[in-house]
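I have placed the structure first, in the form of structure tokens, so that the comments after it can refer back to it.
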There are 2 protein chains.
Amino acid sequence: MVSSKDVAKHAGVSQTTVSRVLNTPEFVKPKTIEKVMKAIEELNYIPNDIARSLVQKKTGIITLISGPLHNPFFVDTTTAIVNYVNSRGYKVNVYFGTEDNLDSIYNAVLETKADAIILSSMLFQDDLFFKLEKRGIPFIMFNRKHQENRHFVEIDNVNAGYIAANHVLSLGHQSICWIGGPHQMSTFDGRYQGFKKAVKNHGIDAKSIPTFITNTNKKDIERAFDELLKLDIRPTAICAATDAIAIEILNLCLERGFQVPKDFNVIGIDNVELSKHHSIALTTVGLTSEENLGFIAIKKLFEVMEKKSTCIQQTESVKLFPRNTTCKNELI
Amino acid sequence: MVSSKDVAKHAGVSQTTVSRVLNTPEFVKPKTIEKVMKAIEELNYIPNDIARSLVQKKTGIITLISGPLHNPFFVDTTTAIVNYVNSRGYKVNVYFGTEDNLDSIYNAVLETKADAIILSSMLFQDDLFFKLEKRGIPFIMFNRKHQENRHFVEIDNVNAGYIAANHVLSLGHQSICWIGGPHQMSTFDGRYQGFKKAVKNHGIDAKSIPTFITNTNKKDIERAFDELLKLDIRPTAICAATDAIAIEILNLCLERGFQVPKDFNVIGIDNVELSKHHSIALTTVGLTSEENLGFIAIKKLFEVMEKKSTCIQQTESVKLFPRNTTCKNELI
DNA sequence: CACCAAAATGGTTACGTATTCATTTCTTTA
DNA sequence: TAAAGAAATGAATACGTAACCATTTTGGTG
């Protein structure tokens with residue numbers, strides 16, 4: 001391992017000067033720069049970023065705790081976040097959190113020196129929030145928020161749920177249902193609140209509406225779908241809390257020989273890139289803005305790191321994206 | 001920032017002992033461990049992994065240079081790689097390489113102290129290969145290989161191309177075409193070689209077959225597809241070099257009002273997770289083994305890091321996965 | 001030519017840990 | 001109880017860089 005000392009010796013200058021050539025060349029005589037650069041070249045010297053981190057107390061690393069990529073939402077956000085972070089000259093440590101591995105991820109992350117953390121895995125009540133605040137590293141949540149109501153960027157979940165339910169109800173569907181995830185996550189909770197509100201607005205008793213609260217892995221969604229098929233009155237429209245769930249429902253429908261939207265209407269929330277594919281063409285609710293939620297969040301996080309902002313509390317507006325998985329209820 | 005020295009002082013021991021408590025507690029008296037742990041607790045001490053990296057000359061970081069996630073192949077490999085690396089207690093620096101940003105990624109990566117590198121972006125002739133060997137860091141390529149023929153895990157690309165072409169030809173399609181990427185990438189080159197071989201085996205002059213070599217972003221694929229539609233004899237089967245291309249072709253077909261497989265048969269290569277979705281149901285060619293290619297590669301990389309292996313040269317066998325985007329040519 | 005300010009360079013230290021080697025303390029056994 | 005060996009601890013150092021402060025060199029001016 002060739003160090004800046006070796007370069008210094010080889011160039012006949014001090015290590016300090018080598019450091020200056022690389023960081024503040026404007027304070028070094030051109031001729032000296034030349035000498036040092038030549039030595040760097042000849043010795044094939046590469047600065048040790050670890051040593052630099054130690055002395056500067058900056059790692060240039062952002063930690064991302066994302067959900068798994070089989071959820072297309074995280075495909076979009078991970079892309080946006082990683083690319084933005086790298087374009088800013090930082091590195092990204094990526095973790096894909098699931099129910100199983102979150103604890104070990106948190107342990108690893110808390111023992112890692114990163115300049116900031118961006119995560120989506122936070123629960124509404126989560127000790128992690130306080131651990132992070134105690135740790136003193138800037139952090140931001142995207143998609144989900146904590147009950148402390150700080151450091152988050154989310155979509156207007158309540159309104160999204162409302163718009164989704166309202167859409168299918170307005171299309172004449174009398175018998176609808178909800179498939180969502182655990183309400184410890186602000187996302188699912190908010191969206192379901194909005195869903196219920198729309199249902200009530202249409203004069204329907206929310207309690208009469210079949211509601212499936214499930215984990216979001218494939219198997220559990222399938223289990224919920226099987227339950228759904230057993231209902232006495234089979235719903236004509238399925239409101240899914242996320243596009244990921246909706247797209248998996250789509251898959252299950254086709255697998256079982258049902259047609260969408262003929263047999264079932266399906267609507268999601270998130271307006272994921274994949275939902276735009278013409279083989280999917282999922283009706284969904286998503287950001288009014290063109291920007292990706294992960295992108296909005298990571299930009300905000302950099303603002304915090306640069307002390308331009310201190311506390312982020314941002315809720316983005318949403319709108320309907322009608323596509324081919326919903327249609328007027330023919331039975332009317 | 002509370003350091004191990006602070007803990008030492010607070011516990012009334014030396015810094016060395018603090019270090020030992022954390023790393024080799026079997027050499028420390030139980031009572032001393034207790035004292036130190038109490039101090040760690042009280043001071044809320046967290047070891048500085050950067051300082052540790054500096055002295056141990058190990059960062060615990062693996063660099064992953066992947067392709068972009070809008071390519072579903074990289075969704076699968078990134079998932080497999082990141083999860084495996086994290087399960088081994090390492091961290092992953094992720095980059096998504098495109099035509100535009102590869103140079104800056106390489107610069108960043110070469111200046112980053114990682115314990116190893118796993119990448120898919122290598123060209124068949126690529127200076128990067130030699131730079132990496134010079135750098136002396138273990139590295140492995142997945143999906144693509146370099147002409148030096150070392151450090152790679154790939155699928156049997158030639159056979160994959162052969163199987164794909166053979167499949168549609170055997171279904172009675174006389175007029176077929178090829179859409180692939182630049183041949184500087186071993187993947188595209190190998191697959192096209194196999195495609196041509198199958199064509200010849202069916203007594204067709206390979207030169208008569210329309211061949212579109214395109215960049216793999218959405219716009220360029222669309223451009224190729226438009227060219228395809230202008231052909232005098234419109235092909236009934238489209239062989240795509242990757243599932244990513246095939247799935248985008250699917251999208252374009254539907255967008256333009258064509259039906260698959262009625263108007264066009266489409267076949268891909270890679271057997272990407274998304275291809276199994278019933279809305280897509282893409283016929284494709286993929287690994288015989290159940291394991292993901294990224295998973296195979298990252299396991300091999302760890303073997304190299306542990307000096308169990310030195311040079312990886314692995315080609316995995318493939319087979320056909322017939323689904324709904326291909327069918328017998330009705331015109332026969 | 002002498003002097004002074006500005007420019008350029010160098011010596012030393014800190015960052016926080018693991019490691020090496022030396023020293024002290026404890027345990028066992030004759 | 002003394003000696004020898006084992007167990008436990010500590011002091012000093014290295015890792016490779018940036019930063020701070022001190023020193024030398026340069027260039028311009030009277």
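Convention: sequence-line order gives letters A, B, ...; per-chain numbering from 1. Treat the numbers as computed from the prediction; the structure is a model and nothing was measured.
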- Message: Without decimals, in angstroms, what is the distance between A/Lys58 NZ and D/dA19 C1'?
- Response: 15 Å
- Item | Electrostatic pair A/Lys131-A/Asp126, nearest N-O below 4.0 angstrom | no
- Message: I want to confirm an ordering. Mapping B/Thr16 and A/Gly12 to their closest nucleotides on DNA chain C, which one lands closer to the 5' end?
- Response: A/Gly12
- Task: Would you indicate what B/Val18 reaches in the nucleic acid, counting non-hydrogen atoms under 4.0 angstrom: base, sugar-phosphate, or nothing?
- Result: nothing
- Task: Identify whether the distance between the nearest side-chain nitrogen and carboxylate oxygen of A/Lys31 and A/Glu34 falls below 4.0 Å.
- Result: no
- Note on the structure: When rounded to whole Å, the CG to C1' distance for the pair A/Leu22 and D/dA19 reads 15 Å
- Query: Taking atom P of C/dA8 as reference, at what distance in whole Å does atom CD1 of A/Ile33 sit?
  - Reply: 9 Å
- Answer with yes or no whether the side chains of B/Thr16 and B/Ser19 bring together a donor and an acceptor at under 3.5 Å. no
- Message: Could you tell me how far apart A/Lys29 (NZ) and D/dT25 (C1') are, to the nearest whole angstrom?
- Response: 8 Å
- Query: Is B/Thr17 touching bases, backbone alone, or none of the nucleic acid, heavy atoms closer than 4.0 Å?
  - Reply: sugar-phosphate
- Note on the structure: From NZ of B/Lys31 across to P of C/dT25 the rounded distance in Å is 15 Å
- Task: State whether B/Lys38 and B/Glu41 are salt-bridged, where the test is any N-O pair (Lys NZ or Arg NE/NH1/NH2 against Asp/Glu carboxylate O) under 4.0 Å.
- Result: no
- Message: For B/Ala80, is there any backbone N or O sitting under 3.5 Å from a side-chain donor or acceptor partner on B/Asn292?
- Response: no
- Taking all non-hydrogen atoms of both residues, which atom of A/Asp115 and which atom of A/Gly60 are closest, and how far apart? OD2-N, 2.8 Å
- Query: To the nearest angstrom, how far is B/Ile50 atom CD1 from D/dA18 atom C1'?
  - Reply: 15 Å
- Could you tell me whether the side chain of A/Gln15 has a donor or acceptor atom within less than 3.5 Å of a complementary atom in the base of D/dA18? yes
- Give one of base, sugar-phosphate or nothing for B/Asp49, where a contact means two heavy atoms less than 4.0 Å apart. nothing
- Nearest-angstrom distance from the residue atom CZ of B/Phe27 to C1' of C/dC26: 17 Å
- Task: Scan side-chain atoms only and decide if B/His146 and B/Gln125 contain a donor-acceptor pair under the 3.5 Å cut-off.
- Result: no
Distances under 3.5 Å only, N/O to N/O: pair up the protein atoms with those of nucleotides 14-16 of chain C.
residue: C/dG16; atom: OP1; partner: A/Lys57; partner atom: NZ; Å: 3.1

- Base, sugar-phosphate, or nothing for B/Thr32, non-hydrogen atoms under 4.0 angstrom? sugar-phosphate
- Message: D/dT9, OP1 or OP2 - any side-chain N/O from B/Ser14 closer than 4.0 Å?
- Response: no
- Message: Whole angstroms only, please: what is the CG-P distance between A/Asn23 and C/dT9?
- Response: 15 Å
